[in-house]
Amino acid sequence: MGWKDIPLGSSQSQLDSHVRDVGGGGRGDLQVGKCSVLWTEPGNLVSLAVLAVINVLVIVGNCLVIAAVFCSHKLRSVTNFFIVSLAVADLLVGLAVLPFSATWEVFK
């Protein structure tokens with residue numbers, strides 16, 4: 001029984017019973033269809049934590065580069081504006097791609 005089998009307008013008790021049916025028996029994992037995400041494996045949690053720290057460093061570092069160029073008049077040159085454009089692109093990757101990529105890498 002998949003999520004497509006649940007009719008629209010189902011009651012909360014029907015949804016709860018469906019979640020119990022695919023919930024993995026209380027092992028701390030989440031099953032959707034045939035996928036299983038194990039949140040209790042230490043290796044998965046460590047990998048996810050390391051990738052999350054890297055993602056935060058990417059976001060903070062690029063924000064610092066952008067702020068430094070726009071706050072300091074001495075740093076406003078054509079070369080530094082090119083670096084800012086690279087930092088903006090990298091910041092967008094850090095915000096839009098890296099969280100999903102890290103999750104996919106850990107739980108594939």
Side-chain angles (χ1 to χ4, degrees):
M1 181 174 179
W3 64 271
K4 293 180 182 178
D5 299 326
I6 300 174
L8 289 176
S10 296
S11 67
Q12 185 65 38
S13 63
Q14 288 172 325
L15 294 174
D16 290 341
S17 68
H18 177 70
V19 169
R20 278 193 299 274
D21 290 343
V22 297
R27 292 191 320 255
D29 57 347
L30 172 67
Q31 291 182 346
V32 180
K34 294 184 181 180
C35 298
S36 179
V37 177
L38 296 175
W39 289 97
T40 55
E41 284 190 28
N44 284 351
L45 294 177
V46 169
S47 297
L48 193 61
V50 168
L51 291 172
V53 167
I54 291 171
N55 192 23
V56 168
L57 289 175
V58 165
I59 293 169
V60 170
N62 285 308
C63 287
L64 287 174
V65 169
I66 295 167
V69 171
F70 284 112
C71 289
S72 174
H73 293 288
K74 293 180 182 179
L75 294 177
R76 292 185 186 178
S77 67
V78 175
T79 305
N80 287 342
F81 282 137
F82 177 69
I83 291 173
V84 166
S85 72
L86 293 175
V88 167
D90 197 30
L91 177 65
L92 292 175
V93 168
L95 290 172
V97 176
L98 286 181
F100 301 108
S101 177
T103 306
W104 177 259
E105 186 64 33
V106 171
F107 295 117
K108 67 178 175 182

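Computed from a prediction, not measured in an experiment: that's the story for all the values here.
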Among residues at least two apart in sequence or on other chains, which ones pass side chain to side chain donor-acceptor pair (under 3.5 Å) with Asn55?
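So Asn55 forms no side chain to side chain donor-acceptor pair (under 3.5 Å) with any residue.
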For the atom pair OG1 (Thr103) and CG (Leu51), what is the distance rounded to the nearest 0.5 Å?
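Here the interatomic distance stands at 8.5 Å.
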If you round to the nearest 0.5 Å, how far is CG of Leu98 from CD of Glu105?
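Glu105 CD to Leu98 CG: 11.5 Å, rounded to 0.5 Å.
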Just to verify, which of [options] counts as forming a side-chain contact (heavy atoms from CB on, under 4.5 Å) with [X]?
X     : options             : result
Val65 : Ile83, Asp90, Val60 : Ile83
Phe82 : Leu86, Thr79, Val84 : Leu86
Val53 : Val50, Leu57, Val56 : Leu57

At their closest point, which heavy atom of Gly94 faces which heavy atom of Pro99, and how far apart are they?
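Shortest heavy-atom contact: O-CD, 3.4 Å.
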With a 4.5 Å cut-off on side-chain heavy-atom distances among I, L, V, M, F, W and Y, is there a chain of contacts connecting Val93 to Val58?
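Val93 clusters together with Val58.
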In one Ile/Leu/Val/Met/Phe/Trp/Tyr side-chain cluster, 4.5 Å: Leu91, Val69
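Yes, it is one cluster - the side chains of Leu91 and Val69 are joined through contacts under 4.5 Å.
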Starting from the C-alpha separation in whole Å, work towards a yes-or-no answer on side chain to side chain contact (heavy atoms under 4.5 Å, CB included) for Ile66 and Val88.
CA-CA 7 Å; Ile66 295 167; Val88 167; 3.6 Å; yes
I'd like to know if the side chain of Ser47 reaches the main chain of Gly43, judged simply by a donor and an acceptor atom lying under 3.5 Å from each other, with no hydrogens or angles considered.
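Yes; at least one donor-acceptor contact below 3.5 Å.
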Should Phe107 and Leu48 be marked as a side chain to side chain contact (heavy atoms under 4.5 Å, CB included) after you check the CA-CA gap, both sets of side-chain angles, and the distance that decides it?
CA-CA 9 Å; Phe107 295 117; Leu48 193 61; 4.0 Å; yes
Contact list for residues 49-66, test salt bridge (charged side-chain N to carboxylate O under 4.0 Å, His left out), sequence neighbours left out
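Of all non-adjacent pairs touching residues 49-66, none passes salt bridge (charged side-chain N to carboxylate O under 4.0 Å, His left out).
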